[in-house]
Structure formats: structure tokens, C-alpha cells
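Let me begin by presenting the structure, written as C-alpha cells, before commenting on it.
Just so it is clear: chains get the letters A, B, ... in the order the sequence lines come, proteins before strands, and each one is counted from 1.
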There are 2 protein chains.
Amino acid sequence: MVDDTGLEQMVCFQLYAASRAMTAIYRPALDPHGLTYPQYLALRVLWHRGPTTVRELGKQLDLDSGTLSPLLKRLETAGHVTRTRGTTDERTVVVHLTDSGRSLRETLTDLPRRIACSVDLTEDEFIQLHHLLGRVRGTTSP
Amino acid sequence: MVDDTGLEQMVCFQLYAASRAMTAIYRPALDPHGLTYPQYLALRVLWHRGPTTVRELGKQLDLDSGTLSPLLKRLETAGHVTRTRGTTDERTVVVHLTDSGRSLRETLTDLPRRIACSVDLTEDEFIQLHHLLGRVRGTTSP
DNA sequence: CACAACTAAGTTGCGCGCAACTGGATGCGG
DNA sequence: CCGCATCCAGTTGCGCGCAACTTAGTTGTG
């Protein structure tokens, strides 16, 4: 099982493959609503925090404006959010949920739970995985 | 720390963010050689297995021809591999390393070790993480 | 106040991922 | 041997990610 590709490499590939596998699990649930997984993540932040600047969305999701600007524009044309210039600082753009965007929260409310059930990990394993991924993120991003 | 976004959701996002963080760590090491992380993974398979069909590469990397065909074409124009039709089965395409592709193996030989050092996890934590990611992959992909 | 340094968002360009499809090769049942 | 389902790569189209750059607005400093 452990071949000569090296354990660390394997971990990195596993990360890469597992991440894609997880978003693949979300896809069939999000597709009917015309949402992608990153769009869903952006909506989650908005559901959680209310009106949010692009910059703050970027901090929460670890994405830059090069990714977020087109993504938010698509969410806007889909009718889920509006984008308005900030009043005090006109450089910023504040993203607001529309009724459509808010209503998605309820229709998708039990999604994470359903996903968790389809992934065969125990509660403890979820916590361990969460902890380890947090450490990877913590030691790599700063 | 655990807010109302739900633990499973957090794990999924952590996976998504950690995967991108890891490939970001590889980037500065691969960039000078004009390689991307997925290209590096494909080369690893070729280093490990020798001449390999596109289909087998897809199985190893969990990618389809829609992703691999252009990737391999770029590796070919970069001079690292050649692609030739299979002799017995002319549907298949066998990917061979060139001298250039083989030489990369030596220049990048200690890369995983260096990456592992820059990620502050213990040996045990690497093993745990590897195991948990394997379980996620195992329970989601089939 | 003037002006440089900085910042926020957007744009461009490129390489993935993945769905949907195409075309050529293979194999298998009749 | 023929026709038809199946399989392998490749192509197309679209949405990320991310680097590099642009534009517009803000802040700080003399």
C-alpha cells in the first residue's frame, strides 16, 4: 500500500482526490438549483453573516477577487444576490442576498447532514479529520 | 470555533481549502520547471509505472480523458512525454517518458520530503490524515 | 493641498475538472 | 461474417483558481 511515491506525496494526492470526491457528492444536490459548490459556499457565508463585502467573502473562502468577481456576477444574474457599492468606502462592493438567495437556505438546510450520512465516517473521525485539516491549513497558508 | 454552519460542512470546506493550500505549497517548486501540480502527479505515475495508457493514468489520478488529453498534450509539447497509439489495441494511447521527463524525476526527487517539512505535522498525524482521507475517498467514489 | 503609497474590485489569460458529445476501434451475439 | 453495443481518446463548453495587471478610490505624509 505504501509504495515508493512517499507518504507525504500520498497525503497531498489524497487531499487533492478527496476534495474533488466531496464536491462530487454535493453536485447532484446543487445541480437542480443551478449552483456550483463554490457558489454554495459563498451563499453559506452570506446566510451566516448577512451583507458582506467581496473582500470579507474572500477572507472567509480563501479566494481572491479574480475568482469571486465572476462567481458573484453569476449569482447576481441568477437572481440570488445583488451587488452595490459601499457608501462610506466606494472601493468596496457589498453583496446582499435577495429573497431567492434567502429561500435557498431553507431548501438546502439539511444538505450537510445528508452528505455526512453518505460519507461513512464516525463522529470522532469527522472531528479528527477537521482538526488535522485545520492544522494543514494553519501551517501552510500563513 | 464550531459555528452554526455544521461540522460536516466545515470538514468539506476544510478539505477544499486544504487541498488548494497544499498545491500552493508545491507551486513555487514546480513553477521553475514549467509544471503544474496535476502535471507533476501524472509524471509521478509515469516514473513509477513506466509507459502507461491514458486510461490507466485516469484510473490512478481519478481523472477522465477530458482533463488528461489536453494535459498530456501540454506535457508532450513541453518535451517531457511522447504519445503513441497502442499496437494491439489502436483505441489506446500509450504515454512514454522522454529523457527530459525522466531527468525531472531526479531534480524533483526530494520534493515531497521538503514539502512535508514545511507542513508542521508529526509522522503520526500524517498517517492518521492519510487513513482518514482514504476512508473519505473509499466511501464516496464507488 | 499635492502627491505618492496603498487598497478594493474587476479584467485577462491560462490550466485544470467535469459533463456531454464525437469518431474510430474492438468485441460479441446472431 | 455482419451489425451493434461497448470502449478509448479526443473535443467542446463552462466554471472555477490563480497570477498579473488595470482602474478607481482612499490614506498618509510633507
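Put simply, the side chain of A:Val11 does not reach to within 4.5 Å of the side chain of B:Ile127, judged on heavy atoms.
Remark: C1' of C:dA9 and CG of A:Asp89 are 11 Å apart, rounded to the nearest angstrom. Taking atom CG on B:Leu68 and atom C1' on C:dA19, their separation rounds to 15 Å, with Å as the unit. The CG atom of A:Leu72 sits 12 Å away from the P atom of C:dT11 (whole-angstrom rounding). A:Asp62 has its CG atom 16 Å from the P atom of D:dC16, to the nearest Å. One interatomic measurement links the two molecules: CG of B:Leu57 to C1' of D:dG10, which rounds to 15 Å at whole-angstrom precision. For the pair B:Leu63 CG and C:dC16 C1', the interatomic distance rounds to 9 Å; values are reported in whole Å. Between A:Tyr37 atom OH and C:dA19 atom P there is a gap of 17 Å when expressed in whole angstrom units. Residue B:Arg85 contributes atom CZ, which lies 13 Å from atom C1' of C:dT26 at whole-angstrom precision.
Side-chain N/O atoms of B:Arg20 include one lying less than 4.0 angstrom from OP1 or OP2 on D:dC18. The phosphate of C:dG10 (OP1 or OP2) has a side-chain N or O of A:Arg83 nearer than 4.0 angstrom. Phosphate contact (OP1/OP2 of C:dT11, side-chain N/O of A:Lys73, threshold under 4.0 Å): present. In this model, the phosphate group of D:dG17 is approached by a side-chain N or O of B:Tyr16 to a distance below 4.0 Å at OP1 or OP2.
Applying the 3.5 Å distance criterion, the base of D:dC8 shares no donor-acceptor pair with the side chain of B:Arg55. With hydrogens and angles ignored, no donor-acceptor pair closer than 3.5 Å exists between the side chain of A:Arg91 and the base of D:dT26. Below the 3.5 angstrom threshold, one finds a donor paired with an acceptor across the side chain of A:Ser65 and the base of C:dG10.
Taking both residues in full, the closest heavy atoms of A:Leu108 and A:Ala29 are given as CD2-O, 4.4 Å, listed atom of the first, atom of the second, then distance. Scanning all heavy atoms of the two residues, the minimum distance from A:Pro38 to A:Leu71 falls at CB-CD1, 3.7 Å. The two residues B:Tyr37 and A:Phe13 have their closest heavy-atom pair at OH-N, 3.6 Å.
Proximity note for B:Arg74 (side chain, C-beta onward) versus C:dA9, C:dG15, D:dG15: the nearest is C:dG15. The A:Thr36 side chain lies nearest to D:dG15 when the options are C:dG15, C:dG10, D:dG15. Counting only heavy atoms from C-beta on, A:Glu90 has its side chain closest to D:dT26 among D:dG10, D:dT26, C:dT26. Checking C:dA8, C:dG10, D:dG10 against the side-chain heavy atoms of A:Thr92 singles out C:dA8 as nearest.
As judged by a 4.0 angstrom heavy-atom cut-off over every strand, B:Thr23 is placed among residues making no nucleic acid contact. Nucleic acid contact class of A:Thr88 (heavy atoms, under 4.0 Å, all strands): sugar-phosphate only.
Along DNA chain C, the nucleotide closest to A:Glu56 and the one closest to B:Pro38 are compared, and the more 5′ of them pairs with A:Glu56. Comparing B:Leu71 and A:Ser69 along DNA chain C, the residue whose closest nucleotide (by nearest heavy atom) sits nearer the 5' end is A:Ser69.
Relative ring orientation between B:Tyr26 and B:Tyr40 is described as tilted, the plane-to-plane angle lying within the 30° to 60° band.
Salt bridge status for B:Asp31 with B:Arg27: absent, with no side-chain N to carboxylate O gap under 4.0 Å.
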